[in-house]
Amino acid sequence: MRLIRALALLPPAAALAACAAVRGNDAAARTAQTAASEGDFVLVFADEFNDGTAPSSANWTIETGYGPNNNGWGNNEWQLYTDSPANVRVENGSLVLAALCPVAPCGVRDGTVTSGKINSRGKFAFKFGKVTARIKPPVGDASWPAFWALGANYPDTAWPLSGELDFMEMHTFHSDKNTTHTTMHWCDQTKQAPEACSWPAGWVLDTQHKTFAGSLGNDFHIWEVDWNEAGVTGTIDGETYFTRAIDPATMEEFLKEFFLIFNVAMGGTLGSGEQPPDPGRTYQQTMLVDYVRVFQSSGPQARLNN
């Protein structure tokens, strides 16, 4: 389903130029090149969202619908994902994902609440590296924005056995607009009761968070995750708030390739604690993504996917 080719073992400067030529956006790519020149890492993927009015079809697929089983993506989420520019577009140098219900009453999976979601499945996948994105997230009002990744073997391999790594996740259920989360989901096949990959035994998650004095929705912030075979470290604006060692015996999901996802969900398990929309309210929640970049070691594991 995916065609993968290894980057030639070029000197870092040459590898950067090759990556920018494939993935970059003119001047923005040069900015990303400069960022990649530090240390022993090369840029293997970048989208600066400076070109056109829609996400690049070379990098992204726009997801639509209510989920594979029309059940709100397994979380009873409200929104219908669409490919409308009202929900998904590139504007003023940013990816815009907007969750909208302009006219009350707003319902659950009845077409009144729409939003945007993009993924790189089949177009870019990677194993290990530094993932960074500059994001202004929506906060409150049932929003559930996320920048995350799923195992590239999904959906052929079911979740959570495919693995999930949430670089940035914000929600209002048991949390607030001042708090960001990084989360890992996997299946520990040594714990299979009452059935395979079920909660709370086989399906395992680790979520850690950082809370600030003010709302994270007031400005852009830089989320970064450093992922290697030993573990995962998550930061926001350079401050570490997530660390997890990878046990290769029980967390083999994180020793394989993943693809990228951006979305703004509404309601559901974490957006509203399963509560339906307030029938007297309208909703508008917008996530802006200035850029996303993926760096890998200049060694032989650096890969591009076309």
Side-chain angles (χ1 to χ4, degrees), residues 1-7 23 44-45 47 55-77 79-83 88 109 116-129 131 146-167 169 182-206 225 227-229 232 244 246-263 265 268-269 292 294 296 301-306:
M1 184 168 63
R2 293 177 297 109
L3 298 176
I4 304 174
R5 62 180 176 83
L7 280 175
R23 295 291 183 183
V44 296
F45 177 91
D47 203 325
S56 167
S57 60
N59 294 345
W60 308 104
T61 296
I62 299 175
E63 290 198 47
T64 59
Y66 291 119
N69 299 309
N70 291 318
N71 63 358
W73 305 91
N75 298 306
N76 196 29
E77 297 163 23
Q79 77 286 337
L80 171 68
Y81 286 126
T82 85
D83 58 5
V88 185
R109 295 191 297 284
K117 180 180 184 180
I118 63 173
N119 74 68
S120 71
R121 182 163 62 93
K123 300 181 178 183
F124 172 73
F126 69 105
K127 183 177 77 171
F128 306 147
V131 185
F147 168 40
W148 52 301
L150 282 174
N153 54 6
Y154 177 88
D156 295 332
T157 298
W159 184 94
L161 191 57
S162 60
E164 176 180 332
L165 175 52
D166 303 324
F167 311 120
E169 185 176 32
T182 291
T183 305
M184 298 171 70
H185 298 261
W186 68 96
C187 176
D188 183 346
Q189 293 177 285
T190 68
K191 302 176 180 178
Q192 293 293 296
E195 59 186 42
C197 298
S198 63
W199 177 263
W203 164 26
V204 184
L205 68 88
D206 183 359
V225 162
W227 166 38
N228 57 48
E229 63 184 0
V232 173
R244 174 81 195 200
I246 294 174
D247 176 1
T250 60
M251 301 173 69
E252 66 274 15
E253 293 91 337
F254 300 103
L255 303 178
K256 302 175 182 178
E257 291 189 326
F258 278 60
F259 65 88
L260 302 172
I261 307 167
F262 288 97
N263 73 288
T269 52
V292 55
V294 180
Q296 288 185 321
Q301 76 268 33
R303 303 173 74 87
L304 260 181
N305 178 5
N306 287 306

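Considering every non-hydrogen atom in both Thr82 and Val88, the closest pair reads O-CG2, 3.6 Å. A pairwise comparison of heavy atoms in Ser120 and Phe259 identifies OG-CB, 3.5 Å as the closest pair. The nearest pair of heavy atoms linking Glu77 to Ala265 is OE1-CB, 3.4 Å. Counting all heavy atoms, side chain and backbone alike, Arg121 lies closest to Tyr154 at CD-O, 3.4 Å. Across all non-hydrogen atoms, the minimal contact from Lys127 to Trp227 is CA-CH2, 3.7 Å.
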Notebook entry, point to check: Val232 and Leu165: side chain to side chain contact (heavy atoms under 4.5 Å, CB included), yes or no, with the steps?
Noted result: CA-CA 9 Å; Val232 173; Leu165 175 52; 4.2 Å; yes
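In terms of modelled atom types and a separation under 3.5 Å, the side chain of Thr182 and the main chain of Phe167 share a donor-acceptor contact. Of the possible donor and acceptor atoms, none in the side chain of Gln296 sits under 3.5 Å from a partner among the backbone N and O of Val44.
Atom NE2 of His185 is separated from atom CH2 of Trp199 by 9.0 Å, given to the nearest 0.5 angstrom. To the nearest 0.5 Å, the span separating CZ on Phe147 from CG on Asp166 amounts to 10.5 Å. If you take CH2 on Trp60 and CD1 on Ile118, they are separated by 4.5 Å, rounding to the nearest 0.5 Å. Of the inter-residue distances, the one linking Thr269 atom OG1 with Asn75 atom CG reads 4.0 Å to the nearest 0.5 angstrom. The distance from the CZ atom of Phe258 to the CZ atom of Phe124 is 13.0 Å, given to the nearest 0.5 Å. To the nearest 0.5 Å, atom CG of residue Leu150 and atom OG of residue Ser162 are 5.5 Å apart.
Between Val131 and Phe126 there is a side-chain heavy-atom pair separated by less than 4.5 Å. Between Ile261 and Lys117, the closest side-chain pair of non-hydrogen atoms falls below 4.5 Å. Considering only heavy atoms from C-beta on, Val294 comes within 4.5 Å of Leu260 through its side chain. Contact of the Asn59 side chain with the Phe45 side chain is registered, since non-hydrogen atoms from C-beta on lie closer than 4.5 Å.
Trp159 and Glu164 form a side-chain donor-acceptor contact under 3.5 Å, judged by distance and modelled atom types alone. Side-chain contact, Asp188 with Trp203: no donor N or O sits under 3.5 Å from an acceptor N or O. Using a 3.5 Å distance cut-off with no hydrogens or angles, the side chains of Asn71 and Arg109 do not pair a donor with an acceptor.
By the salt bridge (Lys or Arg N to Asp or Glu O under 4.0 Å) test, Asp206 is found to be paired with Arg244, residues two or more places apart in sequence or in another chain being considered. With sequence neighbours left out, Tyr81 forms a ring-ring contact (aromatic ring centres under 6.0 Å, His included) with Trp73.
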Would you be so kind as to tabulate the donor-acceptor pairs closer than 3.5 Å made by side chains of residues 247-256, with sequence neighbours excluded?
unit_1, atom_1, unit_2, atom_2, d
Asp247, OD1, Ala249, N, 3.0
Asp247, OD2, Thr250, OG1, 3.0
Glu253, OE2, Cys187, N, 2.9

